[in-house]
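Step one of this worksheet: look at the structure below.
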Amino acid sequence: MGHDLELEKTRLLSLASEFGFRSDIARHCLQQLVDLYGEDGQDFLTVEHCGDDYLARLADATQVEEDWDTQTQGMEGVADEEWDMRVHKNDRGEKEEEHTDCANDEADEEHSAESDTAESDTSDEDYIDDVASLNKAVNPRLAAYVPDSSESEDVMIIEKPISSRNRDYSVHSITRNIDSKRSWSSKAAMGIHNLNEGVVSDDVGKSAALSNSPTGEKIALDKVNSMDDFDLANLVIFGNQNFRPLQRSACEATMKGNDCFVLMPTGGGKSLCYQLPAILSPGVTVVVSPLLSLIQDQVLTLIKRHDIPATFLSSQQTSSQSWAVIQELRKSRPSCKLLYVTPEKIATSESFQTLLRSLQERGQLARFVVDEAHCVSQWGHDFRPDYKALGILKQLFPTIPLMALTATATQPVREEIMKILHVPRALVLEASFDRPNLTYEVVNKDQDPLKQLGQTIQDRFKGQ
Ligand SMILES: Nc1ncnc2c1ncn2[C@@H]1O[C@H](COP(=O)(O)OP(=O)(O)OP(=O)(O)O)[C@@H](O)[C@H]1O
């Protein structure tokens, strides 16, 4: 069958529309492409061949069309204020609640602050808006970041006093593998700078304040000195003094480029297994997660608690919101370190696959993460048909490491997941599911079991 130019033009126009470009600009840029390729090159006018080029033209044309100076500066100003409020709130060390609650509360607060007339109830939609505005707040700030001199200043502040103590750990130690340190190093800088201030203000000079610790905990300088990149990032970025079982092995394995299958109980600390490598690696880590609410929680926690640039793409976003994310990802070195997507995005969006390919070509596709991997298996308790299509990741990107994580997978389920994801030789890391703090006891019910339960809690756990 011959090349159907009209069909290809329609496909390109719908690509533009999917990415949120205006239809008049889309048509104009398409005509430019048609003229450029001429009659001889018509066969190459397909989404596969020139989709990326077309999107680049659209982005340029849109940028010229819009009056960025007048329109977006206002928006960025507001966004920066919003961002600063968040950062300073963190700086003051205001206590944060458990992250899920915290995310929701923040969403509530900001929503009501935004508008006096805002309803007080927080529907899912409000929450989505809040995350979207948070993304808006992050992106301009990151986009505005100047990587050269300001970046090295960040590092200088940290390095000077430390090297004066013959210490060579420096933030370089963490960032040397990170070509995009401009995007996330502020917290690292803040953290190490604070450590450093601790050293300076400490008479003995043997301990340093731990910036992430809500209790103002101190850590021995000797200990800091002996840390490698993993330990230092775990401490400074995530505020953890130690790794939990298998976290470090998972981080090391994926950093070496191995595929991994991580089994850890709920709350065991699976997220760190890919979030820490994400900040130590160049490029973007793409995380597939089944639920928008989970994605929003993770993104908020990463941005708010750890100052790590993270974002998401979902069908719930408006086209201009997803366009902003895509624009960021199309940069030669995107600032974003973690990109969360739903499985549908990977399975069904050809343009997203094109975007992944272009990230890979620029050396900016760090790894894939399949969270809640049991959804892949129809024998698992939470089967999601779109998860089954995730096998495409290894098929399309065989050299990109993949990490699958779950809290629940029997041996046959695990084997099925590895088969479907095409990672037959993945390193399996299974943490113990034994919870020594949990015991079972069978008790006879009396006539009022609820009261009985209340009484048992009172008797056994009073004051805890
Ligand atoms: N090494 C560590 N030291 C101290 N706290 C940690 C460490 N690793 C993770 N945590 C904390 O443990 C909690 C649970 O971590 P996380 O959410 O990653 O668990 P999870 O295994 O992904 O849970 P779920 O199965 O519910 O998704 C978080 O509050 C996290 O900050």
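Sequential numbering from 1 along the given sequence is applied to the chain's residues. Order of listing sets the numbers, starting from 1, for every ligand and every atom in it. Quick caveat: nothing in here was measured; it's all calculated off a predicted structure.
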task = Taking the side chain as every heavy atom from C-beta outward, state whether K394 and L402 have any atom pair closer than 4.5 Å.
result = yes
query = If you measure from each non-hydrogen atom of N242 to ligand 1, which part falls under 4.0 Å: side chain, backbone, both or neither?
reply = backbone
query = Taking only residues two or more places apart in sequence or in another chain, which ones pass side-chain contact (heavy atoms from CB on, under 4.5 Å) with R362?
reply = P334, S358, L359, Q364
key: pair Y387-P290: side-chain heavy atoms closer than 4.5 Å   = yes
Q247 side chain near L276 side chain, heavy-atom distance below 4.5 Å = no
key: Subset of ligand 1 atoms that lie under 4.0 Å from at least one heavy atom of S271   = 16 (P), 17 (O), 18 (O), 22 (O)
message = Below a 4.0 angstrom heavy-atom separation, can you tell me which part of Q247, side chain or backbone, both or neither, approaches ligand 1?
response = side chain
query = Would E328 and S335 count as a side chain to side chain donor-acceptor pair (under 3.5 Å) if you check the C-alpha gap in whole Å, the side-chain angles of each, and the deciding distance to 0.1 Å?
reply = CA-CA 7 Å; E328 183 58 39; S335 310; 3.0 Å; yes
G268, any N or O under 3.5 Å of ligand 1 N or O = yes
ask   = Are any non-hydrogen side-chain atoms of D228 and R248 less than 4.5 angstrom apart?
value = yes
query = Do ligand 1 and G267 have nitrogen or oxygen atoms that lie under 3.5 Å from each other?
reply = yes
inquiry  = Any atom of ligand 1 sitting under 4.0 Å from a heavy atom of C273?
reply    = no
task = Check ligand 1 against P265 and write out every atom of the ligand that is under 4.0 Å from a heavy-atom position of the residue.
result = 21 (O)
message = Taking the side chain as everything from C-beta on, heavy atoms only, tell me whether M264 gets closer than 4.5 Å to P245.
response = no
query = Does F243, backbone or side chain, put an N or O under 3.5 Å from an N or O of ligand 1?
reply = no
query = Does any N/O atom on N234 come nearer than 3.5 Å to any N/O atom on ligand 1?
reply = no
